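Okay, structure first, notes after.
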Amino acid sequence: MRLTERDLTVFKEFLNLGPLTAKQLVALDIFPNEKKARDRAKLLHQQGYVDYCPKPYFGPGRPEYVYFLNQRKANEILLLLDCSREDICIMKPSAYAPLLLHHLAINDFVICIRQACKHSGVYEASIIPEYKQLSSKVSKLKKSTAQGFITTELIPDGLICLSRKKDTTKSLLFFEIYRATQTLEGGERSIRHKLEGYIAYRKQGLYSNFSDLFSHSFKGFRVLLVVYSASYLEKLKNICNEIAPAGLFWLALNEGITPATVFKPIWHVPGEEGLKAIVNLKERGE
């Protein structure tokens with residue numbers, strides 16, 4: 001079997017994003033349809049380059065598969081792509097279903113932002129998913145307690161540096177995916193803890209640690225909260241209204257987020273009136 005340029009592109013996306021479904025490979029404009037993606041993945045699997053596992057799902061119908069690079073072929077793949085072993089991490093899907101589904105949800109949002117930039121012709125984005133390399137760049141922050149200070153680590157689901165192609169203005173955006181797998185009653189404490197971490201992160205100015213990575217001196221940042229349930233979104237809005245400064249958290253329902261809409265006014269901003277768009281970079285100067 002002869003490896004093609006498209007195969008190498010598939011390998012690169014596995015290195016960038018980790019495990020992917022056939023639907024996501026199509027969304028990345030690598031294959032024209034899911035059947036083509038599945039057929040090629042099957043051939044790559046037969047040659048030992050790609051492995052797969054079932055995507056967790058409930059109900060009747062054909063199971064969807066999640067594809068990923070075979071670690072036993074790692075050295076050959078890195079040689080083909082001219083990558084060093086230190087720069088990448090070949091990921092296997094988590095055996096824990098909620099973590100795998102969360103990983104795929106992160107990839108859906110990353111792909112959506114990338115495609116929105118591509119279709120706009122105006123914006124461009126550098127995106128770092130947490131599971132790739134972000135944890136090494138996010139600094140520890142101090143949170144006060146009754147006894148003094150404790151040090152915790154804030155690790156987002158991902159980070160976006162969004163900019164216009166025509167100017168040097170850049171916007172720093174963290175994002176979190178809430179699939180509502182936790183009940184709000186049982187998970188509200190952990191949710192508040194994460195949101196309070198972002199508030200402390202802004203107060204301590206720790207976002208300045210990304211200036212060297214993106215060659216830009218940021219004045220602030222925003223946090224995009226992608227929510228899979230309308231009731232969950234309302235609850236998060238209420239929590240943000242209680243504890244957060246206006247304009248820090250931006251919320252949207254996942255079902256309304258597509259490459260055609262993600263840059264449009266679909267975002268709820270607690271503390272501000274009406275729906276907002278995340279691409280007013282010049283106005284915010286972030």
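For clarity, every value in this text was computed on a predicted model and none was experimentally measured.
Closest approach of V26 to P32, counting heavy atoms only: CG1-O, 4.2 Å. Shortest non-hydrogen contact noted between A244 and I199 is CA-CD1, 3.7 Å. Closest of all the heavy-atom pairs between A105 and R179 is CB-CD, 3.9 Å. Nearest heavy atoms, Q115 versus A27: NE2-O, 3.1 Å. Between L253 and A230, the shortest heavy-atom contact is CD2-N, 3.6 Å. Listed here is the closest heavy atom pair of G256 and I266: O-CD1, 3.8 Å.
Using a 4.5 Å cut-off between side-chain heavy atoms of Ile, Leu, Val, Met, Phe, Trp and Tyr, with links allowed through other members, L81 and L25 fall into the same hydrophobic cluster. Side-chain heavy atoms closer than 4.5 Å link hydrophobic residues (I, L, V, M, F, W, Y) into clusters, and following such links, even through other members, never connects L224 to L275. Transitive grouping of hydrophobic side chains (ILVMFWY, heavy atoms separated by less than 4.5 Å) brings L8 and L43 into a common cluster. L101 and I177 are assigned to two separate hydrophobic clusters, defined by single-linkage of ILVMFWY side chains at heavy-atom distances under 4.5 Å. Following chains of ILVMFWY side-chain contacts shorter than 4.5 Å, one cannot reach F68 starting from V50, and the two form parts of different hydrophobic clusters.
Residue H216 holds its NE2 atom at 14.0 Å from CZ of F210, rounded to the nearest 0.5 Å. Rounding to the nearest 0.5 angstrom, the gap separating the SG atom in C112 from the CD atom in Q24 is 12.0 Å. Rounding to the nearest 0.5 angstrom, the gap separating the NZ atom in K237 from the CG atom in L251 is 7.5 Å. The line from NZ of K12 to CG of L17 is 13.5 Å long, rounded to the nearest 0.5 Å. For the atom pair CD (Q47) and CG (N70), the distance works out to 12.0 Å, reported to the nearest 0.5 Å. To the nearest 0.5 Å, atom CD1 of residue I30 and atom CD of residue E5 are 12.5 Å apart.
Taking Ile, Leu, Val, Met, Phe, Trp and Tyr as hydrophobic and joining them when side-chain heavy atoms fall under 4.5 Å apart, one finds L104 in a cluster with V66, L100.
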Go through the steps to decide whether F221 and Y207 satisfy the test ring pair (Phe, Tyr, Trp, His ring centres under 6.0 Å), and finish with yes or no.
CA-CA 7 Å; F221 67 92; Y207 51 86; 5.6 Å; yes
What verdict does the side chain to side chain contact (heavy atoms under 4.5 Å, CB included) test give for V226 and E176, after you've listed the backbone C-alpha separation in whole Å, the side-chain angles of each residue and the deciding distance to 0.1 Å?
CA-CA 6 Å; V226 178; E176 297 285 347; over 6 Å; no
Checking C117 against L162 for the side chain to side chain contact (heavy atoms under 4.5 Å, CB included) test, could you report, in this order, the C-alpha distance in whole Å, the side-chain angles of both residues, the deciding distance, and whether it holds?
CA-CA 9 Å; C117 289; L162 187 64; 3.9 Å; yes
Show the numbers, then the answer: is there a side chain to side chain contact (heavy atoms under 4.5 Å, CB included) between L28 and R114?
CA-CA 9 Å; L28 287 164; R114 283 173 52 175; 3.8 Å; yes
Apply side chain to side chain contact (heavy atoms under 4.5 Å, CB included) to residues I127 and F109 and explain how you reach the verdict.
CA-CA 10 Å; I127 308 174; F109 187 65; over 6 Å; no
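Contacts classified as ring pair (Phe, Tyr, Trp, His ring centres under 6.0 Å) and involving residues 252-278 (residues at least two apart or in different chains) are given here: Y123-F263. Judged as a salt bridge (charged side-chain N to carboxylate O under 4.0 Å, His left out), the pairs with a partner in residues 117-127 (not counting sequence neighbours) are, in order, D29-K118.
Contact annotation: the side chain of P245 approaches that of R202 to within less than 4.5 Å [non-hydrogen atoms, C-beta and beyond]. For the pair L44/L3, a side-chain contact is recorded, criterion being any heavy-atom separation below 4.5 Å from C-beta on. Proximity of I191 to K235: side-chain heavy atoms (C-beta onward) are nowhere separated by under 4.5 Å. At least one side-chain heavy atom of V269 sits less than 4.5 Å from a side-chain heavy atom of W250. By the 4.5 Å heavy-atom criterion applied to side chains, L15 and F11 are not counted as neighbours. Here the side chains of F175 and I106 are in contact, with some heavy-atom distance below 4.5 Å. Using a 4.5 Å cut-off on side-chain heavy atoms (C-beta onward), L80 and D7 make no contact. You'll find the side chain of C240 stays beyond 4.5 Å of the side chain of L248, heavy atoms only.
Put simply, the residue from K42, K35, K36 that forms a side-chain hydrogen bond (donor to acceptor under 3.5 Å, both in side chains) with D39 is K35.
By the 4.0 Å N-to-carboxylate-O rule, E64 lies too far from K23 to be salt-bridged with it.
Heavy atoms from other residues, nucleotides or ligands lying under 6.0 Å from CD of E255 number 12 at most. For R72, the CZ atom counts as loosely surrounded, since its 6.0 Å shell holds 12 or fewer non-hydrogen atoms of other residues, nucleotides or ligands.
Note on ring orientation: taking the six-membered ring where Trp is involved, the planes of Y52 and Y65 are perpendicular (angle over 60°, cut-offs 30° and 60°).
Using modelled atom types and a 3.5 Å distance limit, the side chains of T261 and T258 yield a donor-acceptor pair.
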